[in-house]
Amino acid sequence: MKGDNIGELEEIVLLLVGVLYEDAYGVSVLKEMKEQIGREVNISAIHAVLNRLEEKGLLTSDMGGASQVRGGRRKRYYTLTSTGRAVLDQVKSMRDKLYNQLPALNFSA
Amino acid sequence: MKDLEQPKPPRWADRFLEWYCSPRLLEQIQGDVHELFFWRLEEKGVQSAKRAFAWDIIRLFRWKNIKRKSSQTTQFNNIAMFKNYFKIGWRNILRQKMPSFINITGLSCAIGCCLVAFMFIEPRVIKDQFHENGKNIYLVAHEAFVEGELGKYGTFDSGLAEDLLDHFPQVKRISRYKGAQNVFRIKDNIFRSYVNYVDPDFLMSFSFPMVQGSKNVLEDPSKIVIDQSTAVRFFGDEYPIDKLVKVIFGEEEITFAVGGVMEDVPTNSSLRPSFLLNYEVLEGRGVPTQNNDVTFIELKDGVDATELESSFQSMVALQNGLKPDAQYESIFLVSLETMSNRDLLGAPGGSLPMAPMILLISIATFMLLLAVSNYVNIAILMATKRVKEIGIRKTIGGKRQQIIIQFLTENLILCFISICLGLFLAKAFFLPWFNEISGGTVANDPFSNSNIWLFLSALLVVVTLFSGFYPAFYISKFKPSIIFRGKENLGREWGFSGTLITFQLVLSIITIVAGIMFVKTNSLIENLEWGFEKNDRILVNIPESGTYRSIVNQMTALSGVEEVAGTSDIFGDAYESISFYLDENGNNANIIRSSAIYPEFMGLKLKEGRFFDSELESDVQSSVMVNDYFIRRYELSVDDYIQIDSLPHKIVGVLEDFHYRSLEDRIEPVIIKAMPDSVMKYLTIKVSNGNEAEMEPKIKEAWLGIVQNRPYNGQVQSRIFDRGFEDSRGLRNTLLFTATLATWLAAMGIFGLASLSMSSKMKEFGIKKVLGANLMQLTKSVYIRFIIMLSIAIVIGSALAILVIGALLDQVYGYHDPVNLVPLVSASVILAVVAFTTITSQIGKVKKMNPAETLRME
């Protein structure tokens, strides 16, 4: 499956889209990333990642309503697909599995 | 309500995004960047938000976001659209008769002028492109040191040339091409003409088509090939083949039979043969043979010329061994098609006539600028009548680009009509007329030039864009909301229109000054005192020194002949110069060699000293007479000595200045030297008063009775400057024509502008009239504007005219009046009269107008 491997930024964006739930579009993802992770990315990168994830079938999108601040332009809202959700689960479980195998730090020496 | 002062993202970046972004993605991307902009605006301030916005857009310029297939997004029915444009354009041209008339006549006159310039210049610049084998034909040239300087020579040793075919299998044909002057006798006509001696393959290599006879006719050395105009001149309707042509080599007269007739050589050929003979004919005949001849080779198909060139270097050693006094440095090949652009000594092809080319180009450019300015002005004003159409087009979805294209299309129709008319004008009037004044050097049929279509297409595109782009751009700018509200201040663009009109007036001032100055100078030249007796003197040539005495005896015996005197240089046509020394300093002066009695015989006026005395031996050997300018220039006086050919010569007399060469040339220092009878080339015969015309045929008859096998070359002294006068009048007429056309075009421009701007204000005038304004008050503003434009034009135009026309006159004439107040004021007055008549004719409309009618319209 194409979505088997996703990069780190892709993973974060995918997670954020999931978190934002019904309000996930380019700018909101960018802002959320800044607020929650403290990471600033150019909007072009967000768009590129969102496009790629959609191509991989992890996201779907729809044009939403217009907004005054955007000069009446519509937003493209993204939502997590079930495949996307499965990929996130898979990544998490793999991380957890590996993390749990870390030896406990021994402070007693 | 939104704050109007709220900052906006940088417009250029937004436009850039709109331009590149795929329309599918544009809305969301643009929305995102705008949202981010306003967010950053609050967080970080205007400057940094703008910078970040631009940066975002640059970062978004990615392959994925860029629009690629425009057809995906723009699927208009272009055919219907253009059909509509053409229809509307055509209707507009028909409906707006006056402006269309001004535009079309102006443009077609300008295009006619351009065509004349093109027809004159093209064949002189683009040469030798018409030979079928042209790609394979090369001139064999060499480099050599002559007098210590390395020069490139377009010639090649004739002996080596003969062997080229045997030594180099890559060479298909060779053909030497040697020009010489010979005396010809065809039927009873004896004349001197250029003849070219060529190898038999010449006609095979080069594409000079034969009218009669075959291309291999020159293999027979007893045949001659002549061109068609020669054939018609001497044989008329008779069948020319096998007619006899006699060529005189020294004492020997050889008869050739015409073996073929070729078409007249086109103007765009560097090789200009009118007679062709086999090269073998030269051998052992009196024609001076140099070792170096112009030599052409035709290579076999597919042979690399550079490779051959390097293998030709083997001949350098051969040449230098055989001819130690004509050493070659290297041998190189020059393609026939580029030959005329190379500066090669001895290669065929003349230099470019720069002065007439520059003049013609300037005239054509002036006319085009004037006509295009008219168009631009009128088009902008006409648009005021069409703003509603533009408004509607925009409202129902017409884009600005489409409106620009629409106006350009209309312009294209107009330019196309103008080009057709211009072609007609050129063919019917301008070209024949130009030929008359330039001596028939231009093809009368524009379509005989193979590049004419290219030129016309280029002209169409250039004129359409130049004349149409600004109006279309300006017109399409109007906003529908403003148009329908009726607020746009339309048709009042005086700044731009006024500048164009001023520019036109400047051009016409320059041309009028040129016209006036050339008329003045022409009459000045024609009325110059020649400084010698011109009437009742007929010159005949002395073909050989041995015949001098018998011609003198025969002529003096004729009744009606009063006196004869020999000369070597003709007054009015003496261009020879000689170097002389004054205290070791070398100088140059013109020289006239004549018999001792000649100066007095020709009625030259003595200023100081005495005439030559033919009885004095020393006068013929070591005396000279000089003109007054010579004395002034070198600060000498009578009885001083100058060195000629390292012999001291005494100045025995000083003559008043006289025009010993063309009247257009300035009089320079000239020396008259008495010579013995043996060097006389002409005999001047003074006939009794007023019998010039009657005596000329008698003299010719007597001359032909004495001399055989030499052409008669008689001249009448009083007509010696006729050719120069003709040229000068031709130039004058050209400039007068230009001035008239330019003024007319400028007047049309003023007419159009005045009439359109006034008709757009008719309602205003009507109201003012009703309220009691008189004509003066109504039209004062129009007059004032024109006075301002005219004054500016007069100042700028006069300054330019002094510079440009002064330089032009200096080029053409040795003597001319300075470009002073008289021509400048007369030009200004002429232009002012024309301009004000034009405006007043339009003001008349306002005067006659009944306010009731203009006000009732709505």
Side-chain angles (χ1 to χ4, degrees), chain A residues 2 6-7 9-10 12-14 16-17 20 22-80, chain B residues 1-46 48-69 72-73:
Chain A
K2 206 181 173 187
I6 58 172
L9 187 64
E10 284 178 326
I12 294 172
V13 170
L14 200 57
L16 286 170
V17 169
L20 286 163
E22 284 198 323
D23 191 34
Y25 65 99
V27 176
S28 66
V29 172
L30 181 120
K31 284 184 182 167
E32 199 69 13
M33 193 186 293
K34 193 181 168 200
E35 274 163 29
Q36 297 236 17
I37 315 175
R39 184 163 160 184
E40 269 190 84
V41 188
N42 191 281
I43 184 74
S44 62
I46 304 281
H47 275 280
V49 171
L50 286 171
N51 280 336
R52 215 179 306 140
L53 290 173
E54 195 178 0
E55 272 169 30
K56 288 179 179 177
L58 310 183
L59 294 176
T60 57
S61 69
D62 261 311
M63 294 306 279
S67 139
Q68 176 71 39
V69 74
R70 297 162 66 95
R73 293 179 192 91
R74 290 174 300 164
K75 299 167 183 171
R76 180 172 289 276
Y77 285 110
Y78 291 86
T79 42
L80 211 52
Chain B
M1 182 99 188
K2 222 171 132 188
D3 186 6
L4 284 175
E5 291 303 305
Q6 191 177 11
K8 284 183 181 143
R11 185 91 186 94
W12 66 267
D14 218 15
R15 276 197 185 171
F16 177 57
L17 176 73
E18 280 166 21
W19 174 72
Y20 75 71
C21 190
S22 150
R24 199 167 42 85
L25 300 173
L26 180 64
E27 189 174 1
Q28 43 167 319
I29 289 184
Q30 206 173 18
D32 278 4
V33 284
H34 275 247
E35 189 179 337
L36 274 173
F37 174 79
F38 290 111
W39 176 55
R40 287 198 190 109
L41 201 61
E42 280 157 25
E43 289 209 334
K44 292 176 186 163
V46 188
S48 115
K50 282 188 176 176
R51 233 174 307 151
F53 181 84
W55 179 235
D56 280 348
I57 278 168
I58 291 166
R59 291 285 299 270
L60 278 161
F61 186 69
R62 294 177 176 214
W63 182 245
K64 269 222 145 82
N65 298 337
I66 295 172
K67 87 172 131 200
R68 287 182 286 274
K69 276 189 206 152
Q72 257 183 358
T73 52

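The chains referred to below are lettered A, B, ... by the order of the sequence lines, with proteins before strands, and numbering in each begins at 1. Since this is a predicted model, take the numbers as computed values, not measurements.
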- Are the side chains of Thr60(A) and Tyr78(A) in touch, meaning some heavy atoms are under 4.5 Å apart?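 No, side chains not in contact.
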Side chains of Asp62(A) and Arg76(A) in contact at under 4.5 Å (non-hydrogen atoms):
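No, their side chains stay 4.5 Å or more apart.
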Would you mind checking which part of Ile29(B) comes under 4.5 Å of any heavy atom in chain A, side chain (CB onward), backbone (N, CA, C, O), both or neither?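 Contact with chain A: backbone and side chain both.
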### Query
chain A heavy atoms under 4.5 Å from Arg59(B): which part of the residue, side chain, backbone, both or neither?
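When you check distances to chain A, atoms from both the backbone and side chain of Arg59(B) fall under 4.5 Å.
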* In terms of the angle between their ring planes, are Tyr20(B) and Phe16(B) parallel, tilted or perpendicular, with boundaries placed at 30° and 60°? ->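 It falls in the perpendicular class, over 60°.
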Next on the checklist: Less than 4.0 angstrom from a charged side-chain N to a carboxylate O is my criterion; do Glu55(A) and Lys64(B) meet it?
Outcome noted: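 Answer for the salt bridge query: yes.
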Q.
Does any backbone or side-chain atom of Ile46(A) lie under 4.5 Å from a heavy atom of chain B? Answer side chain, backbone, both or neither.
A.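 Neither part.
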